[in-house]
Amino acid sequence: MHIEAIFGKVLKSLRIKHDLSQDKLAEISTLERTFISMLERGNSQPSLTTVFELAKAFNMKPSELIRLVEIEFDERNH
């Protein structure tokens, strides 16, 4: 699985865990809903700014968000 798809899976999981629609996450994070959808489907790569915006929306550190992606990546590739 490509890293973009893994990031998307983690993003969608966090969004659902926080009971947020894509529209609400877009509002909180100042990102476009269509961009969030593209990220969740693995059709786009997040920039560093995007990682920071999403982490802030989930009330977590960017490093925590990346760590979740890293854990999922390791599970998929071992």
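Along the sequence shown, residues are numbered consecutively beginning with 1. Owing to the predicted nature of the structure, the values given are computational and were not obtained by experimental measurement.
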A.B. asks: Any chain of hydrophobic side-chain contacts (each under 4.5 Å) joining Phe73 to Val51?
C.D. replies: yes

A.B. asks: Does the side-chain hydrogen bond (donor to acceptor under 3.5 Å, both in side chains) test come out yes or no for Thr34 and Ser37, once each step is laid out?
C.D. replies: CA-CA 5 Å; Thr34 54; Ser37 174; over 6 Å; no

A.B. asks: What is the minimum heavy-atom distance between Ala26 and Glu32, and which atoms define it?
C.D. replies: CB-C, 4.0 Å

A.B. asks: Look at the side-chain heavy atoms of Ile, Leu, Val, Met, Phe, Trp and Tyr, link any pair under 4.5 Å apart, and say whether Leu25 and Val69 land in one connected group.
C.D. replies: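 Yes; tracing contacts between hydrophobic side chains, which count when under 4.5 Å, links both residues.
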
A.B. asks: So which heavy atom on Ile36 is nearest to which on Gln22, and how close?
C.D. replies: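 That would be CD1-O, 4.0 Å.
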
A.B. asks: Can you name the nearest heavy-atom pair linking Leu39 to Ser44, along with the distance?
C.D. replies: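 Nearest heavy atoms, Leu39 then Ser44: CD2-O, 3.5 Å.
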
A.B. asks: To the nearest 0.5 angstrom, please state how far the CG atom of Leu68 sits from the CG atom of Leu11.
C.D. replies: 11.0 Å

A.B. asks: For Asn59, is the CG atom crowded, meaning more than 12 foreign heavy atoms sit under 6.0 Å from it?
C.D. replies: no

A.B. asks: Kindly work out whether a path of hydrophobic side-chain contacts (I/L/V/M/F/W/Y, heavy atoms less than 4.5 Å apart) joins Met38 to Ile3.
C.D. replies: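 Different clusters: Met38 never reaches Ile3 through Ile, Leu, Val, Met, Phe, Trp or Tyr contacts under 4.5 Å.
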
A.B. asks: Tell me whether Ile28 is reachable from Phe58 by hopping between hydrophobic residues (I, L, V, M, F, W, Y) whose side-chain heavy atoms are closer than 4.5 Å.
C.D. replies: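 Yes; Ile28 is reachable from Phe58 via cluster members.
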
A.B. asks: Considering all heavy atoms of both residues, which atom of Glu64 and which atom of Lys61 are nearest to each other, and what is their separation?
C.D. replies: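 So the two residues come closest at OE1-N, 2.6 Å.
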
A.B. asks: Are side-chain heavy atoms of Phe7 and Thr50 found at a separation under 4.5 Å?
C.D. replies: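 Not in contact.
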
A.B. asks: Would you please name every residue forming a salt bridge (Lys or Arg N to Asp or Glu O under 4.0 Å) with Glu70, sequence neighbours left out?
C.D. replies: Arg67

A.B. asks: Using the salt bridge (Lys or Arg N to Asp or Glu O under 4.0 Å) criterion, which residues pair with Arg41? Sequence neighbours excluded.
C.D. replies: none

A.B. asks: Rounded to the nearest 0.5 Å, how far does NE2 of His18 lie from CE of Met60?
C.D. replies: 7.0 Å

